[in-house]
Amino acid sequence: MSAITPKMVDSINDQIRAELESAYIYFSMSAWLEDQNLKGMAHWMKKQAKEEMEHVEKFMHYLYERGARVVFEALEKPAAEFDGPAGVFRTALKHERYVSGRIDKMMDLALAEKDHMTASMLKWFVDEQVEEEASADEIVKKFEFLGDSASSIYLLDRELGQR
Ligand SMILES: [Fe+2]
Ligand SMILES: [Fe+2]
């Protein structure tokens, strides 16, 4: 096993920060949805936040396995106000696209460094981002299709509560 480069370690640590920040954002969205009494949507978003925490742990575990150190950075304060429930999910989709771009750049670095172990680990995240974008996109499209009447919000809240 060849040693992981400091540059790759930094990039993974920075992604640990980004995954924590994702959880922070989704917890903030979940809290906002709770405050709007949209408990189903709040539940969906809380699950999303917890998935991000799993991503954090995956990266941490990987660094341990490579004998590298996990170093935490400061998190940015998440938004506390959103442009309605549809706006929450539009923002979540935009955020997932941003995260996909970050994972792609990490993969570029791993390949440039001929670090196949990291590339293989990252492949899971590339696949995961397909799912993450698709599930957010599906909800955004449902909002577009159903409109933002009280009855469609009620319907979507019930559906998302099933997650
Ligand atoms: Fe993630
Ligand atoms: Fe995500």
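All ligand and atom numbering here is 1-based and tracks the order in the structure. When a residue number appears, it is its place in the shown sequence, counting from 1.
Minimum heavy-atom separation, Asn13 to Val70: OD1-CA, 3.4 Å.
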Are Gln48 and Arg163 close enough, and set up right, to give a side-chain hydrogen bond (donor to acceptor under 3.5 Å, both in side chains), and what steps lead you there? CA-CA 10 Å; Gln48 195 58 36; Arg163 180 177 183 182; 2.9 Å; yes
Could you please spell out the steps behind the side-chain hydrogen bond (donor to acceptor under 3.5 Å, both in side chains) verdict for Ser149 and Tyr154? CA-CA 9 Å; Ser149 68; Tyr154 175 78; over 6 Å; no
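Note on Leu63: it clusters hydrophobically with Met53, by side-chain heavy-atom contacts below 4.5 Å among ILVMFWY residues.
Not one N, O or S atom of Glu51 sits under 2.8 Å from the Fe ion (ligand 2).
In the model, Gln15 has a side-chain atom that pairs as donor or acceptor with a side-chain atom of Glu19 under 3.5 Å.
Vertex the Fe ion (ligand 2); arms to Glu96 OE1 and Glu52 OE2; angle rounded to 10 degrees, 150°.
In terms of distance to the Fe ion (ligand 1), the nearest N, O or S atom of Glu19 is named OE1. Closest approach between the Fe ion (ligand 1) and any N/O/S atom of His55 involves ND1. Looking at Glu132 and the Fe ion (ligand 2) together, the shortest N, O or S contact belongs to OE1.
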